[in-house]
Amino acid sequence: MLDLTFIRNHPDVVKEAAHVKNNSIDIDALLALDQKVVALQHEVEEARAKQNQLSKGIQQAAREKNTELRNDLIAEGKKLAEFIKANEPELNQLTEERYNLLLLVPNIPDPSAPVGKDESENVPFKYWGEKTEFGFTALDHYDLMLKHNLVDIERAVKVAGSRSYVLRGEAARLELALISFAMDKMARKGFTPLIVPSMARDFSFIGSGQFPKGRDQVYEVKDQDLFLVGTAEVSITGMYKDEILKGDELPLKFVGYSPCYRQEAGTYGKDTRGVFRVHQFNKVEQYIICKADHEESVYWFEQLLQNAEELIQDLELPYRVINVCTGDMGDGKVGMYDIECWVPSEGRYRETHSCSYLHEWQARRANLRYRDENGKVKFVHTLNNTAIASPRILIPLLETHQQEDGSIRIPEALRPFMGGQEYIGR
RNA sequence: GGAAGGAUGGCAGAGUGGUCUAAUGCGGCUGUCUUGAAAACAGCUGGAUGAGAGUCCCGGGGGUUCGAAUCCCUCUCCUUCCGCCA
């Protein structure tokens, strides 16, 4: 959410942001509505001020036993009460409409973000590692998993429908190892490990920005006012809703684990092979709450990226980093990097990590603030990035480390979390 | 699942229709005093919106009333006891 005053004063900046983000919000309509709200609010508040004045007069009259004056004032108060009663519902309704529109206003992208209409205009700017070449006929991740009996999709579908999977045997152990590895590494970097609820109330989704627009991607728990989170980011944002933090506790650095659920609406027929796009997965997420300072946000943005890069480098996976263009980055973001790992069977890089900074956009929605060194209350800045998301990361991991004899090498960094095991299927 | 009791400022806790601009205590900040600190004393000690006057916020929503922290309805959450249970 943007500051309403900012929108009033810089409508063109906001319109341009909406334009480059392919967001069709009508800023002029919002501002027209805003003027109605302000005018009506003024009227209602005037009436209430008079009412408060009258109230004192009524007491005074009662004390002076002036029954006549008292009755007159009460009659006048009745009129004011009627006026308020007649106009307040409309004021409330308009205010709510304005709020609902505000939720749809995108954040202003940083000038360094490439302007583009969709993912085809994202800009790769860093490559690490050599694209894997095999001197033998390599398998794709799904065939590898079948070969080593690491997955059972047919039975998973029997249990839970399409886009389900059962990890079995060493794949199950590998996923737990990846999660432990990521939590462990991030904890050593000073991030506080969290295991957070994977069900949350709607305010957490509004706060993080998944609602109202992404509602169709989220599972709802029947009769419970609860929804399944698609990322721990939702829960962590919700944790701090309505709080005013002390400036000296910032930055808060978290690494949160949660199961994640996504409907993947509108992706029929996409990525149907294997475990790339699934309804349920496990993710370890980096999350930062820092002071309202652009330089500091940018510092942590780069830091979060570097952390993720280190994790992937430890897993010995070739990857590239892309600067996501305005049309692909999502409403809340000021800037966004995706990390894409090389997937040999597809001969292309595919997204495994997503790094974003959002300035105050989430903090305003979640009403999450802090008191700065001068005692002034400000909205915090928030940032997030994936640490590890599985099973998707298994795809480049298994493919990249497959050996000529069909076995799969476990990268050294993971071995401590796999009981020292060096290979799968050898 | 059953029963009862609760939700007030950073914390504790009063307030059951108008003097609430929310008592009091603790904590915090500032000052006096002090070599420094403590103690003592004094003052200060939320948030939103608005240019301001003002308006709003006593868990959320609705109602009664000229007027609600206070009365009524409803929802959420918390605590205790019982039952069940990983």
Protein-nucleotide distance (A/D242, atom CG; B/G46, atom P), rounded to Å: 19 Å
Below 3.5 Å between N/O atoms, which protein atoms pair up with nucleotides 50-52 of chain B? Just atom names and distances, please.
| residue | atom | partner | partner atom | Å |
| --- | --- | --- | --- | --- |
| B/G50 | OP1 | A/R8 | NH1 | 3.0 |

Contacting residues from residues 194-208 of chain A, given that a heavy atom lies under 4.0 angstrom of RNA chain B: A/R201
Option among A/T352, A/I408, A/L315, A/I410 that satisfies the side chain to side chain contact (heavy atoms under 4.5 Å, CB included) test with A/L397: A/L315
Nearest-angstrom distance from the residue atom CG of A/N87 to P of B/U55: 18 Å
Reported CG-to-CD distance for the pair A/D338 and A/E351, which is rounded to 0.5 angstrom: 4.0 Å
Whole-Å gap separating C1' (B/U49) and CZ (A/R98): 9 Å
A/N87 and A/E43: side chain donor to acceptor below 3.5 Å: no
Sugar-phosphate, base or nothing in reach of A/L54, heavy atoms under 4.0 Å: nothing
d(CG, A/D248; P, B/G28) in whole Å: 14 Å
Touch class at under 4.0 angstrom, heavy-atom based, for A/K85 against every strand present: sugar-phosphate
A/L174: which of A/L398, A/L150, A/I393, A/L167 passes side chain to side chain contact (heavy atoms under 4.5 Å, CB included): A/L398
Any residue of residues 62-82 of chain A with a heavy atom less than 4.0 Å from an atom of RNA chain B: A/R70, A/I74, A/G77, A/K78, A/A81
Contact nearer the 5' end of RNA chain B, comparing A/A49 with A/N367: A/N367
Check: A/R173/A/Q421 side-chain N/O donor and acceptor closer than 3.5 Å: yes
Presence of A/R371 side-chain N/O under 4.0 Å of B/G10 phosphate oxygens OP1/OP2: no
All salt bridge (Lys or Arg N to Asp or Glu O under 4.0 Å) counterparts of A/D372, not counting sequence neighbours: A/K378
Any residue meeting side-chain contact (heavy atoms from CB on, under 4.5 Å) with A/E76, in chain and number order, not counting sequence neighbours: A/L54, A/L73
Partner residues of A/D3 under the side-chain contact (heavy atoms from CB on, under 4.5 Å) criterion, sequence neighbours left out: A/T5, A/F6, A/R364
Atom-to-atom span, NZ of A/K378 to P of B/G47 - whole angstrom: 14 Å
A/T267: partners by side chain to side chain donor-acceptor pair (under 3.5 Å), with sequence neighbours left out: A/R163
Donor-acceptor pair between A/N23 and A/D331 side chains, under 3.5 angstrom: yes
Any residue meeting side chain to side chain donor-acceptor pair (under 3.5 Å) with A/D26, in chain and number order, not counting sequence neighbours: none
Sugar-phosphate only, base, or nothing, as touched by A/V377 at under 4.0 Å among non-hydrogen atoms: sugar-phosphate
For A/H294, side chain to side chain donor-acceptor pair (under 3.5 Å) partners two or more places apart: A/H359
B/G67 base / A/Q51 side chain donor-acceptor hit below 3.5 Å: no
Atom P, compared across B/G83 and B/G67: separation rounded to whole Å: 50 Å
Short side-chain N/O contact to B/G54 OP1/OP2 from A/N52, under 4.0 Å: no
Base-paired stems in RNA chain B, each at least three Watson-Crick or G-U pairs under 3.5 Å: B:1-7 with B:76-82, B:10-12 with B:24-26, B:27-32 with B:40-45, B:46-49 with B:54-57, B:59-63 with B:71-75
OP1 or OP2 of B/G59 under 4.0 Å from side-chain N/O of A/K241: no
Side chain to side chain donor-acceptor pair (under 3.5 Å) pairs, two or more places apart, involving residues 229-242 of chain A: A/T231-A/K283, A/E233-A/Q362, A/E233-A/N384, A/T237-A/Y287, A/D242-A/N367
Partners meeting side-chain contact (heavy atoms from CB on, under 4.5 Å) with A/P212 (sequence neighbours left out): A/L103, A/L104, A/R365
